[in-house]
Amino acid sequence: DAKKLEFLKQYLATELMYDAAKRKNFENDKDIIQKTFQAKKSLMVQKLFEEELKAKVKISEPDLKLYYDAHKKDYFETGGKDKKEGQKSFDEVKEQVKQSVFMMKQQEVYQDIISNLLKAEKVVIYEDVFKTKK
């Protein structure tokens, strides 16, 4: 009950302050308009990325096993207080492996999106401009 009451108070405070800000015409404040635009842009980019991830990232059990086998050294338990030393089994680290594979595939999807957009829009980046002269 106390948490519900606190939530209600917080909600009412936000709504009342929002109304007060509208009365001060903050809706037309240039800084707020710019920040609103940046927030909208960020949310739209995030939505696009999430949709691409859903469409392109499928992780199967064989993918996880293959990754685990290739990176076994990353899943080795070093001896310590009350810990035995040795190779952790796939079942022991399956969730960690899944996270690693997902992050790797997420990076691949991101790079793929950027490459495709650069190509579609015929964007040319002159990298030599950024090289320092000796």
Side-chain angles (χ1 to χ4, degrees):
D1 288 342
K3 287 184 180 183
K4 288 179 184 177
L5 181 60
E6 186 58 35
F7 173 79
L8 177 62
K9 286 179 180 179
Q10 197 81 33
Y11 176 78
L12 289 172
T14 299
E15 290 300 313
L16 291 169
M17 291 175 68
Y18 173 71
D19 288 342
K22 280 175 49 177
R23 285 192 297 276
K24 288 187 174 237
N25 202 28
F26 286 170
E27 287 178 303
N28 297 318
D29 181 273
K30 289 179 185 177
D31 188 42
I32 290 176
I33 291 170
Q34 180 62 28
K35 287 178 180 177
T36 302
F37 173 73
Q38 290 300 327
K40 181 179 178 181
K41 189 163 68 168
S42 179
L43 289 169
M44 289 172 65
V45 166
Q46 183 179 344
K47 177 82 171 177
L48 172 69
F49 187 58
E50 287 171 0
E51 285 185 2
E52 292 289 324
L53 277 176
K54 282 182 192 173
K56 294 181 179 179
V57 175
K58 307 287 187 245
I59 301 174
S60 66
E61 189 81 14
D63 288 339
L64 296 177
K65 281 290 270 179
L66 190 65
Y67 183 89
Y68 170 77
D69 290 339
H71 297 89
K72 275 188 176 182
K73 67 183 182 317
D74 297 338
Y75 304 104
F76 188 85
E77 183 74 55
T78 55
K81 192 176 184 179
D82 299 331
K83 290 185 180 179
K84 62 180 182 175
E85 186 173 287
Q87 183 65 51
K88 289 185 174 182
S89 72
F90 173 71
D91 290 332
E92 288 178 295
V93 295
K94 187 175 179 178
E95 282 306 310
Q96 285 176 275
V97 170
K98 193 174 189 176
Q99 286 179 338
S100 295
V101 170
F102 181 77
M103 287 173 57
M104 183 182 70
K105 289 190 180 247
Q106 186 176 20
Q107 188 64 32
E108 289 171 4
V109 168
Y110 179 78
Q111 293 299 328
D112 188 45
I113 292 169
I114 299 303
S115 295
N116 289 338
L117 289 172
L118 288 170
K119 192 182 302 179
E121 297 297 328
K122 297 180 175 83
V123 174
V124 177
I125 298 174
Y126 298 100
E127 294 180 20
D128 56 322
V129 171
F130 297 98
K131 293 181 181 172
T132 56
K133 294 180 183 178
K134 291 183 179 181

Assess whether side chain to side chain contact (heavy atoms under 4.5 Å, CB included) is satisfied between F37 and K41, documenting all intermediate values. CA-CA 6 Å; F37 173 73; K41 189 163 68 168; 4.2 Å; yes
Would you please test D19 and R23 for salt bridge (charged side-chain N to carboxylate O under 4.0 Å, His left out) and show each step? CA-CA 6 Å; D19 288 342; R23 285 192 297 276; 5.2 Å; no
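The distance from atom CD of Q34 to atom OG1 of T36, rounded to the nearest 0.5 Å, is 9.0 Å. In this structure, CG on L48 lies 12.5 Å from CG on L43, to the nearest 0.5 angstrom. E27 CD to Y18 OH: the interatomic distance, rounded to the nearest 0.5 Å, is 5.0 Å. With rounding to the nearest 0.5 angstrom, the CD atom of Q106 is 4.5 Å from the CZ atom of F49. Distance CD1/I33 to CZ/F26: 12.5 Å, rounded to 0.5 Å. Atom CD1 of I113 sits about 6.5 Å away from atom CG of L53, to the nearest 0.5 Å.
In this structure, T14 contributes its side chain and Q10 its backbone to a donor-acceptor pair below 3.5 Å. Judged by distance alone, with hydrogens and angles left aside, the side-chain atoms of N116 form a donor-acceptor pair with the main-chain N or O of D112 at under 3.5 Å. A donor-acceptor pair under 3.5 Å links the side-chain atoms of E92 to the main chain of S89, judged by distance alone. Proximity of a side-chain donor or acceptor of Q87 to a complementary backbone N or O of K72 within less than 3.5 Å is detected.
Counting heavy atoms of neighbouring residues, nucleotides and ligands inside a 6.0 Å radius, atom CD of E127 does not exceed 12 of them. The number of heavy atoms from other shown groups lying within 6.0 Å of CZ (F76) is above 12. The number of heavy-atom neighbours closer than 6.0 Å to CG of D1, taken from other residues, nucleotides and ligands shown, is 12 or below. Within 6.0 Å of the OH atom in Y110, the count of heavy atoms belonging to other residues, nucleotides or ligands does not exceed 12. The environment of K40 atom NZ is sparse: at most 12 non-hydrogen atoms of other residues, nucleotides or ligands sit within 6.0 angstrom. Within a 6.0 Å sphere centred on CD of Q38, heavy atoms belonging to other residues, nucleotides or ligands number more than 12.
Here H71 and Y75 keep their ring centres 6.0 angstrom or further from each other.
Taking 4.5 Å as the limit, every side-chain heavy atom of M103 sits out of range of all side-chain heavy atoms of Q107.
Between Q99 and E95, the side chains place no donor N or O within less than 3.5 Å of an acceptor N or O (distance only, hydrogens not considered).
Shortest non-hydrogen contact noted between K105 and K58 is NZ-O, 3.9 Å. Between V109 and K56, the closest heavy-atom pair is CG2-CB, 4.0 Å. Between K88 and V93 the shortest heavy-atom distance is CD-CG1, 3.5 Å. D31 and D29 make their closest contact through N-OD1, 2.9 Å (heavy atoms, listed as atom of the first residue, atom of the second, distance).
Residues V124 and V129 share a single hydrophobic cluster, defined by chaining ILVMFWY side chains whose heavy atoms lie under 4.5 Å apart. There is no path of hydrophobic side-chain contacts, each under 4.5 Å, that joins L64 to L66. Transitive grouping of hydrophobic side chains (ILVMFWY, heavy atoms separated by less than 4.5 Å) keeps I114 and V45 in distinct clusters.
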